[in-house]
Amino acid sequence: MSTDVRPSAPPVLTKPRPPAAVTPAAAKPAGPAARRPSRLPRLLSSALTKSVAIVALLAVWETAPRLQLVDPTFLPPFSEVVDAWFGLLDSGQLATNTQASLTRSLSGFGLSVAIGVPLGLLIGWYRPIADLLSPMLELFRNTAALALLPVFVLILGIGETSKISIVLYACIWPVLLNTISAVRTVDPTLLRLARSLNLSPFRLFQKVILPASVPTVFTGIRLAGAVSILVLVAAEMVGAKAGLGYLINASQFNFAIPQMYAGIVTISVIGVAFNQLLVALERRFTAWRAPVGR
């Protein structure tokens with residue numbers, strides 16, 4: 001009996017298949033739509049954190065007069081101030097006075113930026129102009145704007161010109177001095193690198209000095225924005241027939257205390273909104289900067 005022994009076939013080695021490529025249609029979108037769900041909680045958390053102090057202040061303002069911790073005659077509850085604010089809004093007084101104040105404030109602020117930024121760039125960049133104007137600038141910048149208010153009224157009258165001029169005078173110094181400082185404190189390494197490329201003075205000023213100066217210039221502009229409202233309100237309290245300063249002063253004399261606080265709250269809200277607008281503009285013009293902090 002013979003046995004037929006056949007050799008067994010060698011095992012077949014198969015290579016593992018590479019994972020299938022994910023098609024673009026199946027991939028998750030990496031655009032703004034995919035980032036929105038992760039950004040929304042962060043934005044809500046940031047808004048909640050920033051509003052805690054304001055909410056706490058309003059709560060103390062509401063409860064302190066009601067608990068007789070302060071005299072409600074001189075510090076009414078916040079709810080009464082809100083009622084007075086809506087009463088001024090319904091009567092049209094709030095809109096009229098706010099429009100008058102914003103017109104004066106924005107006019108003086110805009111003129112200060114239009115004059116202060118170019119003049120600051122010239123003084124910071126050209127030494128002969130700085131030597132010529134520095135003594136006069138040192139003299140006037142140390143003179144308070146409100147101290148010169150009677151002079152502006154005597155020379156320009158009690159109309160709109162004197163109020164816009166006092167705002168212009170008060171706002172131009174933060175813009176001018178910060179612009180001068182911005183030009184003079186540009187990183188020397190950037191200047192050496194630019195000069196090594198044989199850039200002309202005009203191209204050096206355009207490509208290096210101006211971009212590097214923008215953050216500090218905007219710091220002066222934001223300071224001027226706050227000053228424009230504060231100085232104007234003080235000027236309107238002295239001699240005006242319209243404006244938020246006039247509204248606050250008239251409410252005080254008429255002992256309409258809730259209306260007085262309504263005018264003060266309106267000024268605060270306008271100041272915060274104006275500052276946030278300037279912050280947004282600053283971020284727009286300084287998008288090249290690396291973010292600082294976490």
Side-chain angles (χ1 to χ4, degrees), residues 102 104-148 164-232 270-294:
L102 286 179
R104 298 162 183 162
S105 180
L106 293 178
S107 298
F109 171 76
L111 289 173
S112 69
V113 173
I115 297 173
V117 172
L119 185 60
L121 293 175
L122 289 174
I123 294 174
W125 184 244
Y126 295 103
R127 180 61 61 178
I129 298 179
D131 295 337
L132 176 65
L133 297 180
S134 290
M136 184 179 64
L137 296 180
E138 289 295 327
L139 174 64
F140 281 102
R141 80 181 184 91
N142 290 294
T143 305
L146 294 179
L148 294 177
I164 294 175
S165 299
I166 195 69
V167 173
L168 167 62
Y169 179 85
C171 292
I172 197 171
W173 301 114
V175 177
L176 180 63
L177 296 177
N178 277 273
T179 304
I180 295 173
S181 176
V183 175
R184 291 180 177 176
T185 56
V186 174
D187 190 353
T189 304
L190 295 177
L191 296 177
R192 287 194 295 268
L193 289 174
R195 289 192 176 101
S196 66
L197 298 176
N198 295 324
L199 293 180
S200 63
F202 176 77
R203 297 290 291 176
L204 176 65
F205 185 79
Q206 179 186 15
K207 297 296 184 181
V208 178
I209 301 298
L210 279 181
S213 302
V214 168
T216 307
V217 171
F218 262 97
T219 300
I221 292 176
R222 290 174 58 188
L223 291 174
V227 170
S228 66
I229 298 176
L230 298 177
V231 172
L232 176 65
I270 291 175
V272 171
F274 194 26
N275 181 72
Q276 291 302 313
L277 175 62
L278 294 177
V279 169
L281 289 175
E282 180 182 2
R283 290 175 179 172
R284 171 66 180 82
F285 285 103
T286 59
W288 50 269
R289 296 175 65 189
V292 179
R294 296 182 180 179

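The model shown is predicted, which means the values in this text are computed figures rather than measured ones.
Ile270 contributes atom CD1, which lies 13.5 Å from atom CG of Asn275 (distance to the nearest 0.5 angstrom). Rounding to the nearest 0.5 Å places CG of Leu122 at 9.5 Å from CG of Leu133. How far CG of Leu232 is from CD1 of Ile166: 10.5 Å, rounded to the nearest 0.5 Å. Atoms CG and CD1, on Leu102 and Ile229 in that order, are 7.5 Å from each other to the nearest 0.5 Å.
Residues Ser213 and Thr179 form no side-chain contact, since every pair of their non-hydrogen atoms from C-beta on lies 4.5 Å or further apart. No side-chain heavy atom of Val227 sits less than 4.5 Å from a side-chain heavy atom of Phe109. Considering only heavy atoms from C-beta on, Leu119 stays 4.5 Å or farther from Ile172 through its side chain. Contact of the Leu111 side chain with the Val167 side chain is not registered, since no non-hydrogen atoms from C-beta on lie closer than 4.5 Å.
Screening residues 206-231 for ring pair (Phe, Tyr, Trp, His ring centres under 6.0 Å), with sequence neighbours left out, gives Phe218-Phe285. Listed by first then second residue, pairs satisfying side-chain hydrogen bond (donor to acceptor under 3.5 Å, both in side chains) with a partner in residues 105-121 read Ser105-Ser228, not counting sequence neighbours. Within the structure, salt bridge (charged side-chain N to carboxylate O under 4.0 Å, His left out) pairs that include any residue of residues 212-232 comprise Arg222-Glu282 (at least two apart or interchain). Among residue pairs with one or both ends in residues 116-138, those qualifying as side-chain hydrogen bond (donor to acceptor under 3.5 Å, both in side chains) are Glu138-Arg141; sequence neighbours excluded.
Legend: residues meeting side-chain contact (heavy atoms from CB on, under 4.5 Å) with Leu210, ordered by chain and number and at least two apart, are Leu121, Phe205. Listed by chain and residue number, Thr143, Val151, Phe152, Tyr169 satisfy the side-chain contact (heavy atoms from CB on, under 4.5 Å) test with Leu148 (two or more places apart in sequence, or in another chain).
The two residues Ala212 and Val186 have their closest heavy-atom pair at CB-CG1, 4.0 Å. Contact record, Arg184 with Ala130: NH2-CB, 3.2 Å, taken as the closest heavy-atom pair. Closest approach of Ala182 and Val217 over heavy atoms only: CB-CG2, 4.1 Å.
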Fill in: side chain to side chain contact (heavy atoms under 4.5 Å, CB included) between Ile123 and Leu137, intermediate numbers included
CA-CA 11 Å; Ile123 294 174; Leu137 296 180; 3.5 Å; yes
